Amino acid sequence: MNISDLKTKVLEEIQLVPEDPLMALYNLVHSFRLQFNFSDTQTRSESHLASH
């Protein structure tokens, strides 16, 4: 499955989530993205420092 198909499937699933838990889902996805971005940024920064 390519990235575009996977994103489409994720968005389709989100469309099926009832309104009541939508904020909890948003918070989960947002926190996951921030944690992933932080880890990725930290790894690149450590790699950059190690190369100098």
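Count residues from 1 along the sequence. Values below: every heavy atom of this structure, side chains too, minus hydrogens, waters and symmetry copies. Being a predicted model, the structure only gives us computed values, none of them experimental.
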If you measure from CG on L28 to CZ on R33, what distance do you get to the nearest 0.5 Å?
12.5 Å
So how far is it from I3 CD1 to T8 OG1, rounded to the nearest 0.5 Å?
11.0 Å
Sorted by chain and number, sequence neighbours left out, side-chain contact (heavy atoms from CB on, under 4.5 Å) with P21 holds for V17, P18
Would you list the pairs meeting ring pair (Phe, Tyr, Trp, His ring centres under 6.0 Å) in which at least one residue belongs to residues 8-29, sequence neighbours left out?
Y26-H30
By side-chain contact (heavy atoms from CB on, under 4.5 Å) - contacts of V10 (at least two apart):
I14
With sequence neighbours left out, write down each residue that passes side-chain contact (heavy atoms from CB on, under 4.5 Å) with D20, or none if nothing qualifies.
none
Sequence neighbours excluded, the answer for side-chain contact (heavy atoms from CB on, under 4.5 Å) partners of N27 is M23
